[in-house]
Protein chains: 2
Amino acid sequence: MRIGELAARAGTTTRTLRYYESRGLLAARRTDNGYRSYDEADLRLLQQIRTLQDFGFELEETRPFVDCLRAGHPAGDTCPASLAVYRRKLAELDALIGELGAVRAQVGAELARAEVMAAAEIPGGPEPRCELSPEATGGPRSEGMTR
Amino acid sequence: MRIGELAARAGTTTRTLRYYESRGLLAARRTDNGYRSYDEADLRLLQQIRTLQDFGFELEETRPFVDCLRAGHPAGDTCPASLAVYRRKLAELDALIGELGAVRAQVGAELARAEVMAAAEIPGGPEPRCELSPEATGGPRSEGMTR
DNA sequence: TCTTGCCTTGACGCCGACGTAAAGGCTTAC
DNA sequence: GTAAGCCTTTACGTCGGCGTCAAGGCAAGA
């Protein structure tokens, strides 16, 4: 199987496969004319990588799984190093979810507070408008960044 | 107040302030010698930006808050555009937390399954090892990427 | 023979929020 | 006078995971 077919079967692109190869994952044999040649085992390797990528694993984190499969294991995640990556990822996910939950609570509180303030601000009168007045808008923003 | 002092008081760097200026946030006056000059209102603008950045807001998302403050509002988040950003961010956070929760569950399940498989794999005998054998390691990985 | 459609390598582009270096000007202290 | 410590602009580097273009080689069908 050549690179285009493998990419199509894995739902990715040839660029991605060459990139993986450049990173030392997913090595390919070569045919006489220099074309990359893959087999079903490579497809399984690739699927393992893609699955982990979909979970948000970095490429380097997929290496133990790939090594595990290449060592002849039927599954890439039964090796100790792979299990360690799983556990580390779970801890990272828990930490991240916790932080995001805290942020969510904070933002929610800020929104509630701001809504009250906005409601209390309007009835008084239309003193300060939220849209910038022309002289305050045109000046500073027009400078720089022609790029 | 010059740029160094403002940066220090806001707990950031001069590079960051110049970057904000280049993006059209936080415009600065200039002294006779060309130095940037800031006042307490600029500090409040900067603090608003930094707070939102800490929450994970992108710079562009802070613009309504900055505009709101510059329009003369005592708080940057009472303007409709700011409230809209808050609400959109809450929705994004909820979606992200949900996705991460799903991923966490998936990875947790994979880990549990892999642990069982690993336990069932070992007692049979040390057939496939997780460490790659030398001939399988040296070849493919040594090529390319001298960069 | 020519076109089509694969394949090859090499190399630059992208995104966001800056870090960091280079080269030079201003001010104050000694 | 000169050294220190601010400040100025310009511009390249970072990180991850590729996208995209360029220039050319190989194989097969009309």
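A note on names: the letters A, B, ... follow the listed sequences, proteins ahead of strands, and every chain is numbered from 1. The shown structure was predicted, so the numbers you read here are calculated from the model rather than taken from an experiment. Every heavy atom of this structure was used, including side-chain atoms; hydrogens, water molecules and symmetry mates were not.
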Next on the checklist: It should be established whether A:Q53 places a side-chain nitrogen or oxygen under 4.0 Å from OP1 or OP2 of nucleotide D:dC18.
Outcome noted: yes
Next on the checklist: Quick check for you: among D:dC18, C:dG19, C:dT8, whose closest atom lies nearest to any side-chain atom of A:R50?
Outcome noted: D:dC18
Checklist entry - Is any side-chain N or O of A:R36 closer than 4.0 Å to OP1 or OP2 of C:dT9? => result yes
Next on the checklist: At less than 3.5 Å, do the side-chain atoms of B:Y35 and the base atoms of C:dG25 form a donor-acceptor pair?
Outcome noted: yes
Item to check | Among D:dC18, D:dG17, D:dC6, the one nearest A:E58 by side-chain distance | outcome: D:dG17
Next on the checklist: Does D:dG19 have its OP1 or OP2 closer than 4.0 Å to a side-chain nitrogen or oxygen of A:T16?
Outcome noted: yes
Next on the checklist: Strictly below 4.0 Å, N to O, side chains only: are A:E5 and A:R2 in salt-bridge contact?
Outcome noted: no
Next on the checklist: Measure CZ/B:R63 against P/C:dA17 and give the value in whole Å, please.
Outcome noted: 11 Å
Checklist entry - Taking the side chain of A:Y20 as heavy atoms from C-beta outward, which of C:dG25, C:dT8, D:dC18 is closest to it? => result D:dC18
Item to check | Whole-Å gap separating P (C:dA17) and CG (B:L25) | outcome: 10 Å
Checklist entry - Less than 4.0 Å between a side-chain N and a carboxylate O, is that true for A:R44 and A:E40? => result no
Item to check | Separation of C:dC7 P from A:L17 CG (nearest whole Å) | outcome: 10 Å
Checklist entry - Taking atom C1' of C:dC18 as reference, at what distance in whole Å does atom CD of B:E60 sit? => result 15 Å
Checklist entry - Would you say A:V116 and A:R113 make side-chain contact, with heavy atoms under 4.5 Å? => result no
Checklist entry - Heavy atoms under 4.0 Å, any strand shown: does A:R18 hit a base, just sugar-phosphate, or nothing? => result base
Checklist outcome for this item: The residue, B:R15 or B:R2, whose nearest nucleotide of DNA chain C is more 5′ is B:R15
Checklist entry - Closer than 4.0 Å, any side-chain N/O of A:T13 to the OP1 or OP2 of D:dG19? => result yes
Item to check | Options C:dC18, D:dG17, C:dT9, nucleotide nearest the side-chain atoms of A:Y19 | outcome: D:dG17
Checklist entry - When the distance from CD of B:E5 to P of D:dC7 is rounded to whole Å, what number comes out? => result 9 Å
Checklist entry - In terms of side-chain geometry, is the basic nitrogen of B:R18 or B:E21 positioned less than 4.0 Å from the acidic oxygen of its partner? => result no
Checklist entry - Would you call A:D42-A:R29 a salt bridge at under 4.0 Å N-O? => result yes
Item to check | Length of the CG-C1' vector between B:L52 and C:dA17, whole Å | outcome: 15 Å
Next on the checklist: Among C:dA17, C:dC18, C:dC7, which nucleotide has an atom closest to any side-chain atom of A:I3?
Outcome noted: C:dC7
Checklist entry - Is there a side-chain contact between B:E92 and B:E61, using heavy atoms and a 4.5 Å cut-off? => result yes
Checklist entry - In whole angstrom, what separates A:D32's CG from C:dC7's C1'? => result 14 Å
Checklist entry - Can you tell me how far C1' of C:dC18 sits from CD of B:E21, to the nearest Å? => result 15 Å
Item to check | Below 4.0 Å: OP1/OP2 of C:dG25 and any side-chain N or O of B:N33 | outcome: no
